[in-house]
Amino acid sequence: MLKEYNTITEVAGPLMLVEKVEGAKFDELVEIEQADGQIRRGRVLEVDEDKALVQLFEGSQGLDISSSKARFLGKGLELGVSLDMLGRVFDGMGRPKDGGPKIIPEKRLDIEGQPLNPAARDYPSEFIQTGISAIDGLNTLVRGQKLPIFSGSGLPHAQLAAQIARQARVLGTRSEFAVVFGAIGITFEEAEFFISDFRRTGALDRAVLFINLADDPAIERIATPRMALTAAEYLAYEREMHVLVILTDMTNYAEALREISAARREVPGRRGYPGYMYTDLATMYERAGRVLGNKGSITQIPILSMPEDDKTHPIPDLTGYITEGQIILSRELHRKGVFPPIDVLPSLSRLKDKGIGEGRTREDHADTMNQLFAAYARGREAKELAVILGEAALTDVDKLYAKFADEFEKRYVSQGFDEDRTIEQTLDLGWELLSILPRAELKRIRDEFLDKYLPEKGDE
């Protein structure tokens with residue numbers, strides 16, 4: 001029998017205090033029934049003897065505490081899961097948003113997930129092809145990895161997210177592939193863009209979308225990424241699918257965390273964010289991975305817009321510590337009309353070496369990757385030197401490197417929104433660009449690969 005309490009004594013923003021409560025548990029789900037029968041939901045944030053602090057999901061506006069009663073349900077927030085979720089659009093709390101029928105759940109799972117035993121983890125090692133050269137060729141994504149995208153306001157991270165969701169696939173395997181897309185605090189226009197793009201390209205058939213809009217309660221933003229990850233865990237570990245989880249925008253999530261922390265009057269940490277933000281983000285990012293003995297996997301791409309393009313801001317800073325690298329979008333490349341504007345030099349995938357090479361991508365991948373990085377870095381330096389001292393100060397070889405850098409940005413990094421390149425096309429394009437330079441400059445590539453793959457000058 002569920003206990004009801006008429007002892008709601010205080011409401012402040014999204015928080016509510018219930019007194020004389022027996023046996024309340026942290027994270028327990030609470031229903032608040034008003035005099036007119038309307039029900040709001042919340043969860044227990046804190047328990048102090050017989051007092052329970054409840055966080056309201058729908059906000060406290062218009063709530064009359066004198067006539068309302070709180071009902072403690074004895075369980076956490078859950079998501080009903082089944083294979084019928086594929087092809088559907090839900091709101092941030094897991095309710096259908098596409099006008100379709102309710103999901104008949106195969107089971108209900110706590111959105112906080114089950115802790116994964118570190119000893120049961122398998123090492124990420126299989127290449128995921130995104131169809132985007134700057135990622136596949138130079139900052140390779142590996143199955144089971146968490147690789148965030150660091151963006152800035154006004155940069156096309158939404159289009160990049162949609163392109164990755166549409167094109168991503170695991171090569172050389174027959175296992176099913178699914179995308180779980182969690183949109184946190186986005187505008188109505190962005191939500192329409194994602195839903196229509198998924199429908200237009202047929203990607204929705206293998207996707208589950210959770211959409212939390214900017215005008216939805218801030219509390220809902222805390223639940224949305226966990227809803228998405230719970231759906232992903234079901235598809236990966238119980239249905240043995242390869243699942244790619246894209247979460248955008250994690251900055252909106254962190255802002256909601258700060259808002260709730262301020263309402264609880266907690267001592268703020270860096271820039272007003274709560275001191276436990278690192279732990280909180282880790283509880284979500286660490287839900288990516290592979291499990292020994294299970295064919296399924298969760299690969300995670302969290303996207304966050306850096307306030308003022310500042311990489312040292314707490315959100316990208318902490319995210320960088322927890323995840324395995326970062327893809328950084330460049331405002332300068334965006335101004336030049338390059339899409340996607342990925343700045344490959346500061347970008348990094350720490351697991352790229354594990355997913356490339358013979359049997360995964362191609363034998364020459366590692367060598368060409370290192371050579372392209374080195375040549376582009378030198379080409380950028382040559383261009384900067386030309387700006388300061390004039391082109392006359394450059395040697396003939398420096399001029400070739402400067403030409404290489406321009407062609408690299410124009411042809412390798414830049415590609416259309418609907419252009420899906422295979423890894424072979426990406427590698428061949430890399431060789432084509434390297435042929436701009438004299439063979440003697442290609443010191444990072446083994447002679448056997450130069451003989452086999454380097455185009456003859458007369459072939460151009």
Side-chain angles (χ1 to χ4, degrees), residues 130-136 138-141 145-168 179 181-187 189-194 197 209-214 221 224-225 228 244-258 271 273 277 281 284-285 288 299-350 409 413-417:
T130 64
I132 296 165
S133 293
I135 297 176
D136 292 350
L138 301 173
N139 295 290
T140 314
L141 179 65
Q145 184 177 4
K146 38 197 184 293
L147 184 64
I149 294 173
F150 290 2
S151 182
S153 58
L155 294 180
H157 50 266
Q159 288 87 334
L160 180 59
Q163 188 170 4
I164 292 171
R166 185 175 69 239
Q167 296 178 177
V179 174
F181 196 92
I184 308 155
I186 63 170
T187 63
E189 286 80 9
E190 281 182 299
E192 283 299 299
F193 163 74
F194 284 125
D197 187 74
L209 273 66
F210 291 87
I211 307 278
N212 165 257
L213 296 175
R221 294 199 232 310
T224 305
L244 175 65
V245 180
I246 298 176
L247 301 172
T248 179
D249 180 334
M250 291 304 292
T251 299
N252 295 334
Y253 171 85
E255 295 293 344
L257 203 65
R258 179 164 68 173
R271 303 215 192 174
Y273 293 97
M277 188 163 78
L281 290 172
M284 290 184 294
Y285 295 150
T299 307
Q300 221 183 88
I301 300 184
I303 298 174
L304 52 97
S305 48
M306 302 178 287
E308 299 168 12
D309 294 358
D310 180 11
K311 279 185 280 193
T312 66
H313 186 278
I315 305 167
D317 191 31
L318 297 178
T319 296
Y321 281 121
I322 303 164
T323 55
E324 290 121 9
Q326 69 278 330
I327 303 291
I328 295 181
L329 301 191
S330 156
R331 203 168 288 283
E332 185 189 342
L333 289 176
H334 181 54
R335 284 195 199 103
K336 289 182 185 175
V338 172
F339 177 85
I342 295 172
D343 193 348
V344 298
L345 294 181
S347 296
L348 168 71
S349 169
R350 292 193 183 99
E409 288 174 3
V413 178
S414 189
Q415 60 184 87
F417 175 59

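One-based numbering along the sequence shown.
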Heavy-atom side-chain proximity of [X] to [Y] below 4.5 angstrom:
X	Y	value
Pro302	Met284	no
Pro316	Gln326	no
His313	Met306	no
Asp249	Ile303	no
Tyr253	Thr224	no

Looking at every heavy atom in both [X] and [Y], which two are closest together, and how far apart are they?
X	Y	value
Ser153	Ser305	N-CB, 4.4 Å
Ala254	Ile315	CB-CD1, 3.6 Å
Leu247	Gln300	CD1-OE1, 4.3 Å
Gln145	Thr140	OE1-O, 3.7 Å
Leu213	Ala191	CD2-CB, 3.6 Å
Gly325	Arg350	N-NH1, 3.0 Å

Q. Of Thr248, Asn252, Leu281, Thr251, which is the lone residue that meets side-chain contact (heavy atoms from CB on, under 4.5 Å) with Leu304?
A. Thr251
**Q.** Residue among Ile184, Thr319, Ile149 satisfying side-chain contact (heavy atoms from CB on, under 4.5 Å) with Met250
**A.** Ile184
Which pairs would a plain distance check flag for residues 157-168, meaning a side-chain donor or acceptor within less than 3.5 Å of a matching protein atom at least two apart in sequence or in another chain?
residue : atom : partner : partner atom : Å
His157  : ND1  : Ser151  : OG           : 2.7
His157  : ND1  : Leu155  : O            : 3.2
Gln163  : NE2  : Gln167  : OE1          : 3.2
Gln163  : NE2  : Gly416  : O            : 3.2
Gln163  : NE2  : Phe417  : O            : 3.3
Gln163  : NE2  : Glu419  : O            : 3.2
Arg166  : NH1  : Asp197  : OD2          : 3.1
Arg166  : NH2  : Phe417  : O            : 2.5
Arg166  : NH2  : Asp418  : OD1          : 3.4
Gln167  : NE2  : Thr130  : O            : 2.8

Q.
Test side-chain hydrogen bond (donor to acceptor under 3.5 Å, both in side chains) on Asn212 and Arg221; report intermediate values, then the result.
A. CA-CA 7 Å; Asn212 165 257; Arg221 294 199 232 310; 3.1 Å; yes
Q: Check for a donor-acceptor pair, side chain of Gln415 on one end and backbone N or O of Ala134 on the other, with a separation under 3.5 Å.
A: no
Q: Could you tell me whether a side-chain N or O of Glu324 sits under 3.5 Å from a main-chain N or O of Lys146, the two making a donor and an acceptor?
A: yes
Q) Would Thr299 and Leu244 satisfy side chain to side chain contact (heavy atoms under 4.5 Å, CB included), going step by step from the backbone distance to the final call? A) CA-CA 5 Å; Thr299 307; Leu244 175 65; 4.1 Å; yes
Could you pull out every donor-acceptor pair under 3.5 Å between side chains of residues 333-345 and any protein atom, sequence neighbours left out?
residue : atom : partner : partner atom : Å
Lys336  : NZ   : Glu409  : OE1          : 3.0
Asp343  : OD1  : Arg380  : NH1          : 3.4

Atom pair [atom1]/[atom2] of [X] and [Y] - distance to nearest 0.5 Å:
X	Y	atom1	atom2	answer
Thr323	Ile301	OG1	CD1	11.5 Å
Phe194	Ile211	CZ	CD1	7.5 Å
Ile327	Ser347	CD1	OG	5.0 Å

Q. Are the charged groups of Asp310 and Arg271 less than 4.0 angstrom apart, N to O?
A. yes
Q: State whether Tyr273 and Arg258 meet the cation-pi test: NZ (Lys) or CZ (Arg) under 6.0 Å from the six-membered ring centroid, and within 45° of the perpendicular axis.
A: yes
